[in-house]
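Please read the structure below before turning to the comments.
Chain letters run A, B, ... following the sequence lines, proteins first, then strands; residues in each count from 1.
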Number of protein chains: 2
Amino acid sequence: MARDSQGTRRRILEAATAEFAERGIAGARVDRIAASAGCNKSLLYTYFGNKDRLFETIFDSLVAEMVTATPIDTTDLACYAGRLFDRYCTHPEVVRLALWDRLERDGQGMRVAGIVAAETAKAEALARAQDGGAVSALLSPADLLAAITLVTSLWPLMQAHDDSPSPARLAEMRTAVTAIVSRLTDPGPTR
Amino acid sequence: MARDSQGTRRRILEAATAEFAERGIAGARVDRIAASAGCNKSLLYTYFGNKDRLFETIFDSLVAEMVTATPIDTTDLACYAGRLFDRYCTHPEVVRLALWDRLERDGQGMRVAGIVAAETAKAEALARAQDGGAVSALLSPADLLAAITLVTSLWPLMQAHDDSPSPARLAEMRTAVTAIVSRLTDPGPTR
DNA sequence: GGCACTCAACCAACCAGTTAGTAAGCTCGG
DNA sequence: CCGAGCTTACTAACTGGTTGGTTGAGTGCC
């Protein structure tokens with residue numbers, strides 16, 4: 001086996017992502033991550049310092065990418081919600097990581113500069129759309145954003161039983177989510 | 001100090017509730033629970049078997065009570081949502097326990113008979129209200145129930161920073177939540 | 001005395017993090 | 001082309017401390 005520090009780093013990150021998403025920080029086992037990455041435990045320490053910093057590294061890169069990946073479309077928020085929903089469905093581990101972060105680290109991972117900036121930008125875009133009358137002013141921009149995030153990211157988790165949902169069930173859920181966002185953002189009949 | 005097994009039991013349950021809500025199952029420490037309950041660790045085992053069963057005991061009684069405590073009012077679902085929101089605000093530990101259950105036990109705590117029955121009854125009540133035209137049929141009864149649960153229970157958690165929200169902020173959040181539910185359930189102009 | 005209850009001390013397993021060492025590639029003078 | 005010397009990637013084995021769970025010796029009420 002050739003030596004490949006970048007590849008090993010990546011394998012560790014992948015293994016740790018799966019382990020942390022599955023079991024959280026307290027429940028994750030460093031030995032299990034190392035075994036799953038096919039390398040020695042101490043490598044993990046030379047590369048990433050310790051368990052907490054490993055989680056931080058994963059969280060910052062994964063979640064920050066997630067938040068910035070889907071640009072907001074204030075002209076069709078239901079469609080935007082649908083795309084968010086799809087992303088969260090194809091990356092369920094990110095949702096779980098974010099929940100672990102909330103529960104185990106009081107959400108400190110969500111307070112890094114990049115994420116805060118992206119959220120602020122989205123809220124401002126929503127505020128402009130509301131001023132222009134294209135979006136209902138029922139909720140404040142921040143509240144509307146929170147509602148969309150809540151519904152798109154956590155809907156599958158709330159429904160989940162032991163088995164993962166069928167494609168048909170997934171499509172139903174997606175329809176419900178977009179219907180909710182559509183209803184929330186509809187500006188009503190134009191004057 | 002007089003002997004009082006019932007009191008000790010209760011103190012253990014209270015301490016364990018706080019510990020589990022704060023740190024989850026994997027993060028909770030049995031010694032800390034015992035110390036906080038002011039009793040010996042072994043008592044905890046004679047009364048509750050082990051750590052997991054202690055969590056189960058707490059979860060089943062607390063969450064089941066929570067789900068059944070606020071009866072659904074299909075004639076004013078926004079108000080119902082407001083009451084749910086209040087309950088979840090005054091009992092944030094229950095929300096956290098439910099999240100830990102989802103993440104660490106794949107939500108098995110939510111699948112006990114009592115909770116499932118209560119949810120089914122609420123969905124049926126919603127279905128009747130929709131048939132009668134009092135509630136929008138935008139969403140299926142189960143989806144509408146899921147949306148209400150999601151928004152009322154997790155809204156404060158998603159907003160939470162290190163410090164707990166001020167009463168004024170809490171009132172704002174409550175208004176947003178009831179506005180969302182109101183918008184989602186509004187049957188529209190009567191024919 | 002018997003019984004329900006209480007506790008300090010203990011144990012084996014586990015776990016995050018460390019250490020001391022090995023070996024694969026790279027470099028550079030010859 | 002070569003091989004001594006150095007750097008980098010990696011590892012087995014260990015350490016100090018923690019953790020869930022047990023046990024056996026009390027303690028006080030009937």
Side-chain angles (χ1 to χ4, degrees), chain A residues 1-60 96-97 100-101 103-106 108-109, chain B residues 1-60 96-97 100-101 103-106 108-109:
Chain A
M1 183 169 53
R3 300 184 152 211
D4 172 18
S5 71
Q6 285 308 308
T8 305
R9 268 183 107 93
R10 191 182 33 76
R11 286 205 318 281
I12 292 175
L13 286 175
E14 279 168 14
T17 301
E19 176 78 5
F20 280 129
E22 175 81 24
R23 311 195 191 235
I25 301 173
R29 294 293 165 253
V30 176
D31 289 280
R32 210 151 38 200
I33 294 172
S36 164
C39 76
N40 191 274
K41 191 168 48 155
S42 80
L43 256 192
L44 198 148
Y45 286 93
T46 59
Y47 287 149
F48 300 104
N50 61 34
K51 202 190 187 187
D52 283 305
R53 263 191 283 167
L54 178 57
F55 181 89
E56 215 172 293
T57 305
I58 287 167
F59 193 88
D60 289 356
R96 290 181 63 95
L97 287 175
W100 290 117
D101 174 65
L103 288 172
E104 298 193 279
R105 307 201 309 161
D106 204 27
Q108 73 171 102
Chain B
M1 182 167 58
R3 299 188 153 209
D4 173 17
S5 71
Q6 285 308 307
T8 305
R9 267 184 108 92
R10 192 184 34 74
R11 288 206 318 281
I12 293 175
L13 287 174
E14 278 167 14
T17 301
E19 176 78 6
F20 281 130
E22 174 81 23
R23 313 196 188 233
I25 302 172
R29 294 291 164 254
V30 175
D31 289 280
R32 208 150 40 200
I33 294 173
S36 163
C39 77
N40 192 274
K41 194 165 54 151
S42 78
L43 255 193
L44 198 148
Y45 286 94
T46 58
Y47 286 151
F48 300 105
N50 61 32
K51 202 190 186 186
D52 282 306
R53 263 191 284 165
L54 178 56
F55 182 88
E56 215 172 294
T57 305
I58 288 167
F59 193 89
D60 289 356
R96 290 182 63 96
L97 286 175
W100 289 118
D101 174 66
L103 288 173
E104 297 192 277
R105 306 200 310 161
D106 203 29
Q108 73 171 101

Can you name the closest pair of heavy atoms from [X] and [Y] and give their distance?
{"X": "Ala21(B)", "Y": "Trp100(B)", "value": "O-NE1, 2.8 Å"}
{"X": "Gly38(A)", "Y": "Arg11(A)", "value": "O-NH2, 3.8 Å"}
{"X": "Ala15(A)", "Y": "Ser36(A)", "value": "CB-OG, 3.4 Å"}
{"X": "Phe20(A)", "Y": "Lys51(A)", "value": "CZ-O, 3.7 Å"}
{"X": "Leu97(B)", "Y": "Phe59(B)", "value": "O-CE1, 3.5 Å"}
{"X": "Gly109(B)", "Y": "Asp60(B)", "value": "O-OD1, 4.5 Å"}

So which protein nitrogen or oxygen atoms get under 3.5 Å of nucleotides 12-15 of chain D's nitrogens or oxygens?
unit_1: dA12(D); atom_1: N7; unit_2: Asn40(A); atom_2: ND2; d: 2.9

Notebook entry, point to check: When you measure from every atom of DNA chain D, which of residues 17-29 of chain A have a heavy atom less than 4.0 Å away?
Noted result: none
Notebook entry, point to check: Which residues in residues 43-52 of chain A have at least one heavy atom lying under 4.0 Å from any atom of DNA chain D?
Noted result: Leu43(A), Tyr47(A)
Any chance you could measure [X], atom [atom1], to [Y], atom [atom2], to the nearest 0.5 Å?
{"X": "Asp101(B)", "Y": "Ile58(B)", "atom1": "CG", "atom2": "CD1", "result": "12.5 Å"}
{"X": "Ile33(A)", "Y": "Lys41(A)", "atom1": "CD1", "atom2": "NZ", "result": "11.0 Å"}
{"X": "Asn40(A)", "Y": "Thr8(A)", "atom1": "CG", "atom2": "OG1", "result": "11.5 Å"}

Checklist line | Heavy-atom side-chain proximity of Glu104(B) to Phe55(B) below 4.5 angstrom | finding: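 The answer is no; the side chains never approach within 4.5 Å.
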Check: Do Tyr47(A) and Arg53(A) have side-chain heavy atoms sitting under 4.5 Å apart?
Finding: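 Answer no - side chains too far apart.
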Notebook entry, point to check: For the pair made of CZ in Arg9(A) and C1' in dC10(D), what is the distance, rounded to whole Å?
Noted result: 14 Å
Next item on the list: To the nearest Å, give me how far apart CZ (Phe55(B)) and P (dG20(D)) are.
Entry: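 Rounded to the whole Å, the gap is 15 Å.
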Checklist line | Within residues 15-29 of chain A or reaching into it, pairs that qualify as side-chain hydrogen bond (donor to acceptor under 3.5 Å, both in side chains) - sequence neighbours excluded | finding: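 Listed once each, the pairs are Glu19(A)-Arg32(A).
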Note to self: For Phe48(A), give me all partners under side-chain contact (heavy atoms from CB on, under 4.5 Å), at least two apart in sequence or on another chain.
What the structure shows: Arg9(A), Ile12(A), Leu13(A), Leu54(A), Thr57(A)
Margin query: For DNA chain C, please output the secondary structure as dot-bracket, reading 5' to 3'. Pairs are Watson-Crick or G-U wobble, both atom distances under 3.5 Å; mark crossing pairs with [ ], other-strand partners with |, unpaired with a dot.
Written below: ||||||||||||||||||||||||||||||
Checklist line | Cys39(A), nearest nucleotide to its side chain (from dG20(D), dC15(C), dT11(D)) | finding: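 When the side chain of Cys39(A) is considered, dT11(D) is the closest of dG20(D), dC15(C), dT11(D).
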